[in-house]
Amino acid sequence: MKYFTVHQMMVQRMRDFHTWGGLFFGWVLFIVFFTGTLAVFEPEISYWMNPEVRVQNVAASESLAAAEKALRKNAADADVWFVILPQGRSSMLEISWKKNGQTFDRYIDPATGEVIKGRGTDGGEFFSHFHYELHHQHAGSWLVSIAGLGMLGALISGIMIRRNVIKDFFCLRWRKNWLSVHMMTGVLALPFVVLITYSGLVMTFKDSMPVSLNTFYKNPNGYWNEFLDSVERPKSQEKVQIYPLPALLPAAEKELGVGDIGFVQIQQPDKRNSLINFMRRVDDRMLAITDRASFDGVTGEWLVSKTKWDTQATIVRSLVGLHIGKFGGYPMAWGYFIFGLLGCVMIATGLVFFTVKRRLKYDREGGNKRDFFRAAEAVNVAVITGCIIASISYLWANRLLPLSLKERADAEIMAFFFIWLLMFIHAFWRPKEKAWSEQLKLAAGMCICLPLLNILTTSVGLPKTLVRGDWMTAGVDITAATLGLILWAIAWRLEKRWGKTNC
Amino acid sequence: MQKITRTAEWRIIKSLLLSNHPAVQLILRFMAAIFGGYGLTYSLMKAISLMLPWKKHTETISFCEWLLPLVYLVVILWAFVATSAQYAWKVLLSGIVIVGSAALLASCFR
């Protein structure tokens with residue numbers, strides 16, 4: 001009988017944790033990481049998905065005047081108005097309003113104040129929401145929180161079971177096999193993955209464990225009102241037109257900084273007790289919280305400003321800022337995108353390694369075990385390439401679905417899930433090597449053809465946007481095509497490799 | 001055919017819960033990590049929120065928000081370091097009872 005030391009036994013248990021936790025959480029984590037990586041370019045994807053919205057930039061006061069006009073025309077009886085001014089990477093002027101608990105939003109032309117007749121779409125926002133709640137709100141964010149803890153645990157246990165991994169990385173001992181790619185991308189992306197997972201965990205933790213919030217407040221609204229020191233006003237019915245927004249702008253800029261107003265919220269618009277909140281943009285600093293200045297809606301009198309935050313709030317909101325990565329402009333965004341993709345590669349190769357390692361063994365043994373590992377392999381295909389295909393299908397659906405369709409935004413999301421379901425069926429139906437290469441090639445083809453589809457269906461095709469210097473739109477096309485080429489190369493390499501050996 | 005009585009059923013469950021089998025150990029450890037960890041973090045969060053002397057509640061909430069995920073992580077890893085799954089469950093359950101009573105006491109004195 002072989003005896004193990006206590007340390008060896010502990011390492012063995014960590015290996016079990018890494019293997020099985022990695023398998024089940026890895027599926028969730030790949031989805032979270034991939035859609036989260038796409039969400040880095042949320043403004044660009046939204047811009048790409050709204051090809052009708054191409055407007056000239058105007059001064060903030062003109063934008064505000066246009067927004068006020070459009071809101072009064074379209075949402076005179078709303079409970080709250082909201083204006084999202086063009087800022088940083090997003091040059092679109094958006095208005096939204098709340099009525100009886102429902103939220104509506106439209107893009108408008110800042111020059112005329114007319115609502116732009118666009119297509120119904122959730123844009124890049126779908127990815128950023130999907131990546132933390134998986135389309136299931138509380139249940140989703142609970143699962144994502146647990147998976148995030150699993151990710152941090154997997155990093156620690158991964159280093160524990162292969163203590164040489166960091167040394168190997170810096171000695172450039174990089175091999176061309178699944179395990180080595182898994183470990184080397186893991187070490188390379190380690191600081192980023194720790195940062196992004198921990199900060200993401202902090203963001204979802206209030207949702208998945210709302211204990212201290214429930215100790216002090218009846219509902220999250222009460223918490224947020226106190227957190228933001230919001231001014232509360234009773235409801236009024238008397239109709240009085242609000243103080244013109246552009247006229248308030250200089251006073252707000254004096255409080256929050258010239259040219260830094262990002263959002264304007266008008267509570268009880270055109271009522272006696274109306275309240276106007278100007279909010280600072282958050283895309284130029286790490287602290288992701290909106291400084292705000294409140295004004296009386298009717299008289300335009302300055303009420304209160306909130307620009308100082310306590311230490312704990314600064315810690316948490318800075319972590320949020322680090323997670324969303326809006327500060328630092330494009331260099332930062334590209335860094336997040338590339339490291340996010342590296343994280344995806346780490347998770348994907350880990351998942352593949354799980355099955356590759358066992359493939360020979362279970363093929364020989366047969367029985368229940370073989371069926372389980374085959375199913376795991378099919379789920380791997382459906383999760384990894386299926387998620388990529390579903391995401392690119394979402395962009396395709398945006399171009400192909402008829403513009404007159406009712407509930408068009410939901411139809412795009414339906415397309416996303418429907419295609420993903422098809423990929424699940426395909427993965428279980430085809431032999432594994434075939435399933436991998438076919439789905440990879442489909443994903444690659446769809447990515448490479450995206451610019452072509454864009455040229456055929458809209459007026460913002462690649463040649464025009466390049467001439468116009470519209471890099472927000474062209475960037476999406478070019479990035480998709482580049483990723484497509486990379487996917488094609490991976491498919492080609494895999495076919496060559498699996499033609500010779502089985503792993 | 002053998003008739004399985006209630007006591008026999010209970011004995012089967014008991015032997016399964018106390019089993020040394022690697023698969024059972026692994027599943028029990030995962031459950032200890034996820035559910036035991038959730039319970040312990042939950043009660044700790046309650047106790048901390050009630051005991052911290054800060055005047056502003058929002059500050060307490062923010063503090064819990066960044067600290068408690070780390071506690072949960074440590075508990076998860078510890079569930080796999082503990083000598084056996086049963087031991088991990090025992091420690092976690094007693095931890096929940098102790099920290100939970102502390103939270104209860106704190107809520108009485110507030």
Take a 6.0 Å sphere around [atom1] of [X] and say whether it holds more than 12 heavy atoms from other residues, nucleotides or ligands.
| X | atom1 | result |
| --- | --- | --- |
| A:K369 | NZ | no |
| A:Q8 | CD | yes |
| A:M10 | CE | yes |
| A:R280 | CZ | yes |
| A:N219 | CG | yes |
| B:Y87 | OH | no |

Kindly give the heavy-atom pair with the smallest separation between B:E65 and A:V316, and that separation in Å.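 Between these two residues, the closest heavy atoms are OE2-CG1, 3.7 Å.
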Which atom names give the shortest non-hydrogen contact between A:F227 and B:S62, and what distance separates them? CE1-OG, 3.8 Å
Show your working on side-chain contact (heavy atoms from CB on, under 4.5 Å) between A:M209 and B:Y72 and close with a plain yes or no. CA-CA 11 Å; A:M209 206 183 281; B:Y72 201 164; 4.2 Å; yes
If you count heavy-atom pairs under 4.5 Å with chain A, which of B:L67, B:I48, B:T41 comes out on top?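 Most heavy-atom pairs within the cutoff with chain A belong to B:T41.
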Could you measure the distance from the [atom1] atom of [X] to the [atom2] atom of [Y]? Nearest 0.5 Å is fine.
| X | Y | atom1 | atom2 | result |
| --- | --- | --- | --- | --- |
| B:I61 | A:F216 | CD1 | CZ | 6.5 Å |
| A:S212 | B:L44 | OG | CG | 11.0 Å |
| A:L213 | B:H57 | CG | NE2 | 11.5 Å |
| A:S145 | B:Y38 | OG | OH | 8.5 Å |

Relative to chain B, which segment of [X] carries a heavy atom at a distance below 4.5 Å: side chain, backbone, both, or neither?
| X | answer |
| --- | --- |
| A:S199 | neither |
| A:W309 | neither |
| A:L149 | both |
| A:F205 | side chain |
| A:L319 | side chain |

Pick from A:M9, A:E226, A:K206: which one has the most heavy-atom pairs with chain B under 4.5 Å? A:K206
Does one side chain, of B:W54 or A:Q312, offer a donor that lies under 3.5 Å from an acceptor on the other? no
So which bits of residues 73-84 of chain B come within less than 4.5 Å of chain A, counting non-hydrogen atoms only? B:L73, B:I76, B:L77, B:F80, B:V81, B:A82, B:T83
I would like to know whether B:T58 and A:Y217 meet side-chain contact (heavy atoms from CB on, under 4.5 Å); could you show each step before the answer? CA-CA 10 Å; B:T58 55; A:Y217 302 98; 3.5 Å; yes
Would you say the side-chain atoms of A:Y198 pair up with the backbone N or O of B:L70, donor to acceptor, closer than 3.5 Å? no
